[in-house]
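Take a look at the structure below.
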Amino acid sequence: MTSIDFSRRQWVTALAGGAALAAVHHRAFAQQSLPSLIKLVVGYSAGGPVDGAARLLAPALSQALGTQVIVDNRPGASGSLGGDAVAKAQPDGATLFFGASPTITINPNVQRHMAFDPMKDLTPIAPLVDYTNVLVVNNDVPVHSVAELLAYAKARPGKVFYGSAGVGASNHLSGALLEKMTGVQLTHVPYKGSAPALADVMAGTVTMMFDIIATSKPFIQTGKVRALAVTSRQRNRMLPEVPTMVESGVPGYDVGGWFGLYGPARMDPALVARMNAAAQKMLAREDIANRLREQGYDVWSGAADLLAAKGKSDRQLWATASKGIEAE
C-alpha cells in the first residue's frame, strides 16, 4: 500500500466519520429543539366549538410530542387576533395556532384591515379535523328539497331570509355562495353566533340557515327544523338520509370547515416534520377519533402540504362568495 493510498483512505474515512457525526448532531438538535412548553393559541373565546376541539386535542398532542401543550385563548376579529399573535411570535415552536378555516380563508377576503396574511405569515404544520354544514329550513316553509327551495326563493326575490353567525361567517358566505351559483336573491340576517340564528329558524323569524351538523342534528331529529342537504361532496355519516347539495342540483357546491395546526413563518422544516408526525400519531388514536366524532367532527390527517393546498383553494372559493362583503 502506498502512502497516497493510505492518505486517500484516511480522507474517505474522515469524510464518512464527519458525515455520521453531522447526522448525529442534526438528530440531537431536532430532539433538543422542542420547547418545554407550547402555547396553542385559539382565536376564539373559551367554551365555543373551536376552543372545545383545541382542548380535546391539546393533551393528546402533548403526549405525542412529549412536552406540555396548553391552550391560550386570544379571541377577537373572527380569530385574526390570535393568528396575528402567532405570526409575530418566534418560529421556535413555542407558539402555535389552532387555526379555524374562516380565519385562514375568509377573513383575508372580508376584513378591511387584517394585520397579517395567513398565507405568508404562518407555517402550515398539520391538518387536524374537518366538518360539514347542513342546510335547514323552518318547518312551516312549504319546501322539502333544495330544488323546491330555489323555486320558492325565485318566486319571492329578496323575501327569503337566512341567518348566520355574523357578517363574514362561514354560514353567511355559504348562503352568499348559493346565491351566486344559482341566481336566487336571498336576504342575509346576521346574528351574534349560530345558536340564536338557529333559534330564529325554528321560530320562523328567518327561513333557513347553514349550520354545523352536530348542533342541528338534535333539532332535525325532533322535527323542529327540516334538513334539505349537506354541504359536503359526499353524504355525511351523521345524516346519511340527507342528500348533498350536488345531488340536489347545485353542481360544484362543496363547502365545509376545518381546523389546522400552524406556526409562525420561517419554522425549521425538521421541526415542522416532527410536529406533523406527532399530530398524525395523535389523530390515529381511536379514542381521539371517537371523541371528535361525538363533537360532530371528522379526523383530517396528512402532510403539511395538504393543509397548505386546502387553505389556498378555499381562500379562492371564498373570494368568489364574499365579493362585495366587508366585515370590520
Side-chain angles (χ1 to χ4, degrees), residues 40-44 48-65 69 71 79 82-83 86 96-107 118-119 122-134 169-171 173-174 210-215 217 230-240 244-246 253-263 272-318:
L40 184 61
V41 175
V42 174
Y44 296 85
V50 184
D51 175 75
R55 291 184 185 277
L56 188 162
L57 293 178
L61 183 60
S62 179
Q63 291 176 12
L65 286 171
V69 179
V71 173
V86 175
L96 303 179
F97 186 45
F98 193 82
S101 53
T103 306
I104 306 299
T105 64
I106 294 177
N107 290 5
M119 299 300 163
L122 296 177
T123 296
I125 296 174
L128 297 174
V129 298
D130 61 13
Y131 59 88
T132 298
N133 288 334
V134 58
S170 60
N171 47 9
L173 296 190
S174 294
F210 291 87
D211 189 35
I212 295 175
I213 288 178
T215 55
K217 184 178 178 181
V230 295
T231 61
S232 52
R233 186 164 292 277
Q234 289 82 33
R235 294 196 181 197
N236 188 273
R237 56 177 175 72
M238 294 182 71
L239 295 171
T244 67
M245 293 289 287
V246 173
Y253 197 104
D254 180 13
V255 175
W258 43 264
F259 303 144
L261 186 64
Y262 293 83
V272 172
R274 183 176 177 188
M275 288 185 165
N276 178 276
Q280 294 201 50
K281 179 181 178 181
M282 167 186 70
L283 295 172
R285 288 172 47 178
E286 190 61 28
D287 62 322
I288 294 297
N290 287 336
R291 291 180 66 190
L292 286 171
R293 293 186 190 106
E294 289 171 1
Q295 291 193 11
Y297 301 119
D298 289 307
V299 168
W300 181 39
S301 183
D305 288 349
L306 177 63
L307 178 60
K310 182 62 172 173
K312 183 178 180 180
S313 64
D314 278 11
R315 182 165 169 171
Q316 293 172 342
L317 169 70
W318 292 126

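Only a predicted model underlies this, so the values are computations on that prediction, with no experimental measurement involved.
The distance from atom OH of Tyr297 to atom CG of Leu128, rounded to the nearest 0.5 Å, is 12.0 Å. From Phe259, atom CZ reaches atom CH2 of Trp300 across 11.5 Å, with rounding to the nearest 0.5 Å. Remark: Leu307 CG to Ile125 CD1 distance equals 9.0 Å, nearest 0.5 Å. Atom CD1 of Ile104 sits about 7.0 Å away from atom CE of Met119, to the nearest 0.5 Å. Separation of atoms CH2 (Trp318) and CD1 (Ile106) is listed at 5.0 Å; rounding is to 0.5 Å. Within the model, atoms CG of Asp298 and OH of Tyr131 stand 12.5 Å from one another, a figure rounded to the nearest 0.5 Å.
Contact record, Trp258 with Thr105: CZ2-CG2, 3.7 Å, taken as the closest heavy-atom pair. A pairwise comparison of heavy atoms in Thr103 and Tyr44 identifies OG1-OH, 3.4 Å as the closest pair. Closest heavy-atom contact between Val50 and Ala100: CG2-CB, 4.1 Å. Pro127 and Ser301 get closest at one heavy-atom pair: CG-C, 4.0 Å. Counting all heavy atoms, side chain and backbone alike, Leu122 lies closest to Pro124 at O-CD, 3.6 Å.
Under the side-chain contact (heavy atoms from CB on, under 4.5 Å) rule, Arg233 has a single partner from Val255, Thr244, Asp254, Thr132, which is Asp254.
Judged as a side-chain hydrogen bond (donor to acceptor under 3.5 Å, both in side chains), and not counting sequence neighbours, the contacts of Arg315 are Asp117. Judged as a salt bridge (Lys or Arg N to Asp or Glu O under 4.0 Å), and not counting sequence neighbours, the contacts of Glu286 are Arg293. By the side-chain hydrogen bond (donor to acceptor under 3.5 Å, both in side chains) test, Asp211 is found to be paired with Thr215, Ser216, residues two or more places apart in sequence or in another chain being considered. Take Lys217 and apply the salt bridge (Lys or Arg N to Asp or Glu O under 4.0 Å) test, not counting sequence neighbours, and it matches no residue.
With hydrogens and angles left out, the side-chain atoms of Asn276 and Gln280 include a donor and acceptor closer than 3.5 Å.
The main-chain N or O of Gly257 is never found under 3.5 Å from a side-chain atom of Ser101 such that the two would form a donor-acceptor pair. In this structure, the side chain of Ser170 does not engage the main chain of Pro102 through any donor-acceptor pair within 3.5 Å. No side-chain donor-acceptor contact under 3.5 Å links Asn133 to the backbone of Thr231.
Classified by interplanar angle (parallel below 30°, tilted 30° to 60°, perpendicular above 60°), the ring pair Phe210/Tyr253 is parallel.
Each side-chain hydrogen bond (donor to acceptor under 3.5 Å, both in side chains) pair with one or both residues in residues 302-313, not counting sequence neighbours, appears once here: Lys310-Asp314.
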For a side-chain contact (heavy atoms from CB on, under 4.5 Å) check, start with the C-alpha distance between Met238 and Val134, then their side-chain angles and the critical distance, and finish with the verdict. CA-CA 11 Å; Met238 294 182 71; Val134 58; over 6 Å; no
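Between Asn171 and Ile212, the closest side-chain pair of non-hydrogen atoms is not below 4.5 Å.
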Do any side-chain atoms of residues 51-65 form donor-acceptor pairs under 3.5 angstrom with protein atoms, and if so which ones, sequence neighbours left out?
unit_1 : atom_1 : unit_2 : atom_2 : d
Asp51  : OD1    : Arg55  : NE     : 2.8
Asp51  : OD1    : Asn73  : ND2    : 2.9
Asp51  : OD2    : Gly47  : N      : 3.0
Asp51  : OD2    : Arg55  : NE     : 3.0
Arg55  : NH2    : Asn73  : OD1    : 2.7
Ser62  : OG     : Thr67  : O      : 2.4
Gln63  : OE1    : Arg285 : NH1    : 3.0

